[in-house]
Amino acid sequence: MRIVFAGTPAPAVPSLRAIAASAHELVGVVTRSDAALGRKRVLTPSPVAEAADTLGVPVIKADRLDAEATAAIDVLAPDLGVIVAYGGLVREPLLSLPRHGWINLHFSLLPRWRGAAPVQHALIAGERTTGASVFQLVAALDAGDVFGDVRYDVPRGATAGDVLADLADVGAELLVRVTDEIAAGTARAVPQVGTPTLAPKLSIADGALDLTENAEIVLDRFRGTTPEPGAHVGFAGGRLKILAAHRGPDTDLPPGTLSLSGRDVLLTAGEGTTVVLKTVQPSGKGAMAAGDWWRGLRIDDPRVDLPSERAMS
């Protein structure tokens, strides 16, 4: 089959490469426009654009799948559209343009966590099992019939970045299998069963850790928002980003208390539980070991902000 692939971030790259290496003909790649990244705001191609360039596949850069993008895809005469984390909606007439329509690799076990950030929301919710699904794209959000899925047990301590990297690989294998079945006429899709949950895109505010909660809940949010949008606490009028952390011993100190523990820093959460800070990033500085950050402080009795304190500031 002639396939057009749409995707943008790094987790879409394994699927792109798998389709390119399959028995099918990859005729074009659609990705979002170059983005200004870093402090110098350098225009940088998406990971999918860079991978497509390496593969020698024509690239269509579009932030919206509008009439212009549809016309460019129409010229490629695809039999099937494949989309993995493109970052935009596919609407008619593009939705029906390929002979077999579009299929979508989604990083959850549908109908759980429909939306832009399924892995992040699953981890924030404390789920220990998730997965990937390939479904027929329809106009409604992530609501199409499912061709196949794969379950995945979340490793202890894994962040959203870790889980996405793993699901990107296992999902790519599933995607090629479904594509082969569609080409052979043996693919069978079944309706989604269960109550949907939603996973909208996260904002910086979603990364704020509430230290009045138990450490397990705090760490679920930490893992779900790492590396993006970034887990953090309020400290000394700014944000202290938490890059690496794990569960610590219980204590009798109040929530928000910081204390040195060897090379690390203990952060007290609710119910006398603690979080061990391994690596942090203060506002305006680079990443550093938590103990080094602590030793550089010039503050007596340092504490992080609690939600009620942030609301009053």
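Note that this is a predicted model, so its numbers are computed, not measured. What you see below is based on every heavy atom in this structure, not just the backbone, and it leaves out hydrogens, waters and symmetry mates.
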Reported [atom1]-to-[atom2] distance for the pair [X] and [Y], which is rounded to 0.5 angstrom:
X      : Y      : atom1 : atom2 : result
Leu26  : Met1   : CG    : CE    : 11.5 Å
Trp102 : Phe5   : CH2   : CZ    : 10.0 Å
Glu25  : Ile19  : CD    : CD1   : 13.0 Å
Asp145 : Gln192 : CG    : CD    : 7.5 Å
Ser133 : Arg112 : OG    : CZ    : 12.0 Å

Do [X] and [Y] have side chains that get closer than 4.5 Å, going by heavy atoms?
X      : Y      : answer
Val84  : Tyr86  : no
Val218 : Asp210 : no
Leu202 : His121 : yes
Phe235 : Pro282 : no
Leu16  : Leu55  : yes
Ile73  : Thr70  : no
Gln120 : Asp206 : no
Val4   : Ile60  : no

Are any of the side-chain nitrogens in [X] or [Y] under 4.0 Å away from the carboxylate oxygens of its partner?
X      : Y      : result
Asp264 : Lys278 : yes
Arg128 : Asp220 : yes
Arg177 : Glu173 : no

Do [X] and [Y] pair up side chain to side chain, a donor and an acceptor below 3.5 Å, judged on atom types alone?
X      : Y      : result
Thr257 : Arg303 : yes
Thr251 : Thr268 : no
Asp250 : Thr273 : no

Legend entry - Hphob cluster co-occupancy, Val265 + Phe222, side-chain heavy atoms under 4.5 angstrom: yes

